[in-house]
Amino acid sequence: MDLNGLNPAQREAVLAVDGPILVVAGAGSGKTRVLTHRIAHLVEAHDIFPSSIMAITFTNKAANEMKSRIESLVGPVTSQMWVGTFHALCVRILRRDGHHIGYSSDFVIYDTTDQKALVKNCFKALNLDDKQTPIQSFQYKISNCKNDMMTPEVYETNFMKDPRERDFIKLYKLYQERLKANQAMDFDDLLLKTLELFDRYPEVLEYYRNKFKYVHVDEYQDTNKAQYLFIRKITSKYKNVFVVGDGDQSIYRWRGADIRNIQDFEKDYPGATIIKLEQNYRSTQNILDLANGVIKNNPGRRDKNLWTEAEAGEKIRYYQAYDEKDEARFIIGQIKRLIREEEFKPSDCAILYRTNVQSRALEDVLNIEAMPYKVVGGLKFYERKEIKDVLAYMKLMVNGADDISFLRVINEPKRSIGDKTIEKLTDFARERGLSLLEASGRVYEIDGISGKTAAAMSEFHEIIVSLRAKIDLSFAGEVFDELIERTQIIASYERERTDEADGRIDNIYELKTVIEEFEKRQDQPGIRDFLAETTLKSDQDSIEAVEDGVLLMTLHASKGLEFPVVFLVGLEQNLFPSYRAQDDEEELEEERRLCYVGITRAEKLLYLTHAKNRNHYGRFEPRTPSRFLGEMNQLLIENMSERTLASVLKESKPKEPSFYDIKPVKKNPYFTPDMGNNAKPETVLEEGSAFAPGDKITHKVFGSGMIVTVDAKSSILTIVFDAHGIKKLDPAIAQIKVIR
DNA sequence: GATGCTGCGCAGAAA
DNA sequence: GCGCAGCATC
């Protein structure tokens with residue numbers, strides 16, 4: 001294989017074969033190149049079986065790209081490698097071995113909507129008040145728990161003494177029971193159940209850790225505790241684990257990513273080789289200097305400085321807008337100018353924002369100017385109601401135990417089956433331990449359901465059961481046609497005769513095309529694999545490069561991508577950085593990394609904009625410029641608005657946050673993620689430390705409370721005050737007395 | 001049981 | 001300024 005195209009650091013990484021290896025890969029330093037060449041090198045130079053190679057990514061898009069790049073190096077043997085996302089690889093393992101822990105290979109995956117429906121379902125069953133506790137908060141809490149390996153049992157052991165946690169414990173338990181009963185897993189379960197399988201059936205783990213002699217992980221800084229453990233276990237035999245990542249691009253703390261996984265790699269894998277890739281092949285020096293200047297403000301990071309052989313390039317362009325409309329007009333005006341006067345296409349330009357709502361003003365102007373564009377994310381095809389309905393029908397066909405899908409479609413299209421009927425059906429099913437689908441087949445035994453309603457339900461049952469029998473015998477397209485025909489889904493939309501309904505019909509036909517294409521592409525096509533694939537699709541996966549249009553997306557969605565021209569917009573306090581970072585240093589650091597990610601997406605031109613005023617909840621509010629603008633090297637910046645950044649910043653110096661401004665931290669105070677059985681310690685108490693979690697204390701202003709956590713490094717205390725909620729306080733400053 | 005209207009709460013990023 | 005949930009009405 002030709003290694004001449006690689007720089008020395010890249011070559012070193014490619015040639016390192018055995019043992020744990022961490023490649024610290026700065027933005028644009030060619031990490032995918034290193035990963036693919038390394039894998040090809042294993043096969044070609046070391047005769048490693050392709051089937052003993054695993055490569056894990058975070059998006060399907062990244063996985064597909066990696067697969068095709070490896071394939072161009074080593075050919076069709078690539079198909080024997082396991083290349084995919086954590087979720088997809090876990091599905092593969094669970095389909096094969098999930099039966100050990102009570103899951104049929106036909107289990108379905110619940111997306112966030114299904115998950116919400118199930119949580120709601122459990123709320124009802126437990127008679128919980130959804131006005132007091134929003135359903136969504138429990139949904140998030142379950143996911144957070146799972147990300148940190150906190151099962152209902154572990155959670156209960158830790159928090160059963162706290163009366164405020166009782167409802168949640170009950171709900172979490174029931175939720176887990178029902179998932180199992182429905183033969184369903186949520187996103188997080190895919191990992192947790194795989195780990196449970198490995199724990200309870202060592203022979204299963206033995207099989208996989210023998211099989212995968214070389215394991216690769218992309219974007220290692222984004223791994224959460226469960227993913228970390230998955231990697232540890234599967235590499236525990238050969239310890240040939242090759243991870244690539246960049247702590248400065250860790251932006252998924254909110255979904256459980258733990259930056260310590262990459263920071264502590266050497267500790268976790270003694271004798272690890274560390275290789276740094278610092279040469280950047282993407283951006284101009286000015287762009288890199290700006291990015292380096294911002295990220296330097298984060299303490300405690302691995303030192304790393306991106307450099308390039310490219311020229312300094314254009315200066316960074318700055319514009320202060322009057323409001324979000326003015327901001328949008330400026331941006332689209334610039335794009336038009338770039339297309340007219342320079343050699344750029346609309347698709348060379350990306351507009352990156354912090355929150356999805358910011359796309360609206362931009363879209364308005366893009367529409368007015370008739371500029372083609374594409375919003376990444378937003379309302380996705382698979383989130384549309386009609387698509388979800390059809391998919392729910394298919395899930396139910398595959399897995400009759402799936403009560404959530406049953407409830408979704410039993411009255412869709414309308415069959416005159418309402419709440420009362422559902423209640424009777426549910427009671428009947430529960431008494432006899434049946435699934436709702438099974439119960440619907442015995443509808444004539446149920447008291448109180450008769451006539452038209454009973455007939456409709458019986459027919460529904462018959463449709464599902466007869467289609468299920470055909471799944472393995474017919475082409476998916478045929479089954480699909482029959483499903484549409486017999487359920488009258490399209491027919492009922494046709495009767496509506498509205499543009500909206502016509503759109504839905506088009507979408508359903510589009511779904512049929514997608515299924516047929518899937519069927520052609522697979523060796524052993526199956527509806528259940530199609531369902532898994534669609535559920536696990538990400539926003540990034542849907543980005544198509546074919547169309548020529550301006551791309552609009554959140555900063556999060558932009559990670560891993562690059563564009564000749566980048567507009568980084570809405571650089572305002574409490575928007576970017578988010579208001580949630582106001583009094584939370586760690587959050588702020590994450591926002592700063594996000595800023596770093598945004599800047600380093602740009603190849604040639606970078607624009608920074610913010611508005612003096614912005615509509616928020618329909619109210620016109622004055623805004624102050626982002627502190628990140630203040631952290632940038634002004635010498636790199638060129639002014640395009642009335643006033644220079646320097647003069648704007650001088651005027652709006654952010655005031656020092658006062659001690660009493662500290663807001664309650666939103667996180668669950670009782671939530672100490674390190675209490676899971678396999679966890680690494682997060683808060684190590686120093687010897688003789690005056691404070692420990694659980695201590696009762698008093699504070700001059702906030703009164704009495706209890707210490708929840710003690711940060712090992714900063715010794716900052718998280719305290720729940722009886723009357724003031726949760727605060728983070730530094731005992732070196734605040735006067736805190738322990739009551740013993 | 002279906003449909004249409006009102007008002008509340010909201011919008012942080014997602015596989 | 002919008003979407004969804006809940007309620008009133010047919």
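Model, not experiment: these values are computed from the prediction. Chain A is the first sequence line, chain B the second, and so forth, proteins listed ahead of strands; every chain is numbered from 1.
A 3.5 Å limit on both hydrogen-bonding distances identifies B:dT3 as the Watson-Crick or G-U partner of C:dA8. Under the Watson-Crick and G-U wobble criteria, each requiring two contacts below 3.5 Å, nucleotide B:dG12 is left unpaired.
Residues A:Tyr252 and A:His556 bring their aromatic ring centres within 6.0 Å.
The list of salt bridge (Lys or Arg N to Asp or Glu O under 4.0 Å) pairs with a residue in residues 407-425 of chain A, not counting sequence neighbours, reads A:Lys385-A:Glu412, A:Asp389-A:Arg408, A:Glu412-A:Lys414.
Donor-acceptor pairing under 3.5 Å is recorded for the side chains of A:Thr355 and A:Gln358. Residues A:Lys120 and A:Gln136 have side chains that never bring a donor and an acceptor to within less than 3.5 angstrom of each other.
Nucleotides B:dA11 and C:dG6 place their P atoms 16 Å apart, quoted to the nearest Å. Comparing C:dC4 with B:dA13, their P atoms sit 15 Å apart, to the nearest whole Å.
In this structure, A:Arg619 forms no cation-pi arrangement with A:Tyr617, as its terminal cationic atom is not both closer than 6.0 Å to the ring centre and no more than 45° off the ring axis.
Contact between A:Ser250 and A:Asp222 at its shortest, heavy atoms only, is CA-OD1, 4.0 Å. The two atoms that bring A:Ala454 and A:Val443 nearest to each other are O-CG1, 3.6 Å, heavy atoms only.
At whole-Å resolution of the value, CD in A:Glu621 and P in C:dG1 are 13 Å apart. Atom CD of A:Glu496 and atom P of B:dA2 are 14 Å apart (whole Å).
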Does the protein touch nucleotides 4-10 of chain C at the base, only the backbone, or not at all? Give it as B, S and - per nucleotide, heavy atoms under 4.0 Å. --S----
Spell out protein contact along nucleotides 5-15 of chain B as letters: B when the base is contacted, S when just the sugar-phosphate is, - when no protein heavy atom is under 4.0 Å; keep the 5' to 3' order. -----BBBBBB
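Of the possible donor and acceptor atoms, none in the side chain of A:His610 sits under 3.5 Å from a partner among the backbone N and O of A:Val569.
By the ring pair (Phe, Tyr, Trp, His ring centres under 6.0 Å) test, A:Tyr353 pairs with no residue at all, sequence neighbours left out. Residues satisfying the ring pair (Phe, Tyr, Trp, His ring centres under 6.0 Å) criterion with A:Phe406, sequence neighbours excluded, are A:Phe460.
Within a heavy-atom distance below 4.0 Å of DNA chain B, the residues of residues 418-428 of chain A found are A:Gly418, A:Asp419, A:Lys420, A:Thr421.
Using bins of under 30°, 30° to 60° and over 60° for the plane-to-plane angle, the ring pair A:Tyr208/A:Phe198 lands in the tilted bin.
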